[in-house]
Amino acid sequence: MFRLKTFAFLAVIAVLILSACSTAAPQETAEETSCAPNCEFTDMVFCYPQLGAESDWRTANTASFKETAGDLGVRLIFSDAQQKQENQISAMRSCIQQGVDVIGLPPVVEDGWEPVLTEAKEAGIPVIIVDRSVTADSSLYASHIGSDMFLEGQRAADEMNKLLPDGGKIVELSGTTGSGAAVGRAEGFRANLNDNIEIVDSQTGNFTTAEGKPVMEAFLKKYEGEIDGAFIHNDNMAIGAVEAMKSAGLEPGDIVIVSVDGTRGGFQLMIDGWVQADVECNPLLGPQVYDMALALMNGQDIDREVLTDETVYFPNEAADLLPSRKY
Ligand code: AHR
């Protein structure tokens, strides 16, 4: 009898301790942020699990988030996932545990985000998808802000059509397999490409200079003298591809190139005659994303899709514009 009473007493104490623990550190949600509706940037803890540092575009994107956070007084929790989705997911889970106010997610690939987005939603932490898109249901995140990758592909095809009016054979150096940028650009390009232009091969260079170079080397060997043009999904891979073309003894214009990004490196390739058109993709998203995050903290509605206004750059303006390029 004594043992039974002791057990019951201990069980009651255990329940009391457990319930005290669960209420001691409540999960602060965006809707419940104590500063709302008057939150300021200095109240914000913002998580940015960056996907990597694969390109000059990415470096500029990281700088935009870091510098803007410093200017505004936002507390930024930044990490670099080295192009690995599992690292991004771990970083997000850590941010969820820390109870950040808002997460900005630049997803390395489109698929596989449902579980962690659901965890963020259940914790009351809104997620803004930044740059590339996800295939997850849009009810799992607050907004997507970034470039229209399909439109970028269409613009690239329009330029290729003008460069090869009589048709020809081209190769494609694609971005990271399964990424929203690579998928959208490839689909948009094919949607607008003239029938008389044949894509003879397409391989990924993972958006890096180091991987773009061997891809172009292999193309040049396999299709010796047959390639008229190249659609290259970013400027860093174009830099690698041009290195391969120089080593193979090619001259600027032997293979016309349409690239994407509009980085300083891409502008230099246009000035040097290697790239004939560079489709803009703007990485400077920090200020807009922090504005959106603050609106969410204050319980305000934000647009569910925000597409960046972009253009196409050409060699005839490259020298004038290069000094003012921010990335
Ligand atoms: O998602 C944007 C793309 O990612 C940029 O075109 C590329 O340079 C970067 O790596």
Side-chain angles (χ1 to χ4, degrees), residues 48-65 80-85 87-88 104-111 113 128-135 144-157 159 172-189 203-213 215 230-242 257-270 275 277-286 288-289 305-313 325-327:
Y48 199 56
Q50 179 60 284
L51 69 86
E54 75 285 0
S55 64
D56 296 327
W57 188 102
R58 191 64 52 196
T59 303
N61 182 256
T62 291
S64 174
F65 277 85
D80 176 347
Q82 299 180 355
Q83 296 236 68
K84 292 197 173 76
Q85 185 179 30
N87 292 347
Q88 283 195 292
L105 171 65
V108 62
V109 290
E110 286 187 305
D111 294 341
W113 295 102
I128 300 172
I129 306 294
V130 180
D131 167 28
R132 304 175 186 174
S133 50
V134 292
T135 51
H144 167 243
I145 173 171
S147 303
D148 184 336
M149 306 297 185
F150 187 87
L151 180 61
E152 288 178 353
Q154 287 181 306
R155 285 179 170 156
E159 297 313 321
E172 178 180 44
L173 271 81
S174 164
T176 301
T177 305
S179 67
V183 172
R185 287 171 192 169
E187 287 178 0
F189 189 73
Q203 299 289 334
T204 180
N206 211 14
F207 283 128
T208 69
T209 300
E211 290 173 77
K213 185 177 176 185
V215 171
F231 170 39
I232 305 185
H233 284 206
N234 84 339
D235 288 341
N236 280 85
M237 291 192 295
I239 291 168
V242 166
I257 296 178
V258 178
S259 182
V260 184
D261 275 357
T263 60
R264 285 197 201 101
F267 270 61
Q268 193 57 54
L269 290 180
M270 286 198 284
V275 167
D278 203 356
V279 178
E280 183 188 19
C281 182
N282 188 347
L284 307 178
L285 301 172
Q288 263 176 294
V289 172
E305 178 86 6
V306 181
L307 294 176
T308 319
D309 196 18
E310 290 163 343
T311 185
V312 182
Y313 297 109
R325 295 300 295 162
K326 294 202 176 75
Y327 55 94

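Note: hydrogens, waters and symmetry copies are ignored here, and every other heavy atom, side chains too, is used. Whatever order the structure lists ligands and atoms in, that order sets their numbers, starting from 1. Quick caveat: nothing in here was measured; it's all calculated off a predicted structure.
The OG1 atom of T208 lies 12.0 Å from the NZ atom of K213; values are rounded to the nearest 0.5 Å. Expressed to the nearest 0.5 Å, how far SG of C281 lies from CZ of R132 amounts to 9.0 Å.
Regarding atom 10 (O) of ligand 1, its nearest protein heavy-atom neighbour is E54 OE2, 2.4 Å. When hydrogens are left out, the protein atom nearest atom 5 (C) of ligand 1 is D261 OD1, 3.4 Å; that is the closest non-hydrogen contact. Atom 2 (C) of ligand 1 has its closest protein heavy atom at D131 OD1, 3.3 Å. In this structure, atom 3 (C) of ligand 1 lies nearest to the protein heavy atom R132 NH2, 3.8 Å.
The side chain of R185, and not its backbone, has at least one atom closer than 4.0 Å to an atom of ligand 1 (non-hydrogen atoms only; side chain from C-beta on).
Taking the charged nitrogens against the carboxylate oxygens, R58 and D80 have no contact shorter than 4.0 Å, which rules out a salt bridge.
The shortest N or O to N or O distance between R58 and ligand 1 is below 3.5 Å.
At least one donor-acceptor pair closer than 3.5 Å links the side chain of Q85 to the backbone N or O of D111.
Under 3.5 Å, the side chains of T209 and N236 contain a donor-acceptor pair of N or O atoms. Judged purely by distance below 3.5 Å, without hydrogens or angles, the side chains of H233 and E152 never pair a donor atom with an acceptor atom.
Proximity to A181 (heavy-atom distance under 4.0 Å) selects the following atoms of ligand 1: 1 (O). Taking every heavy atom of S55 and a limit of under 4.0 angstrom, the matching atoms of ligand 1 come to 7 (C), 8 (O), 9 (C), 10 (O).
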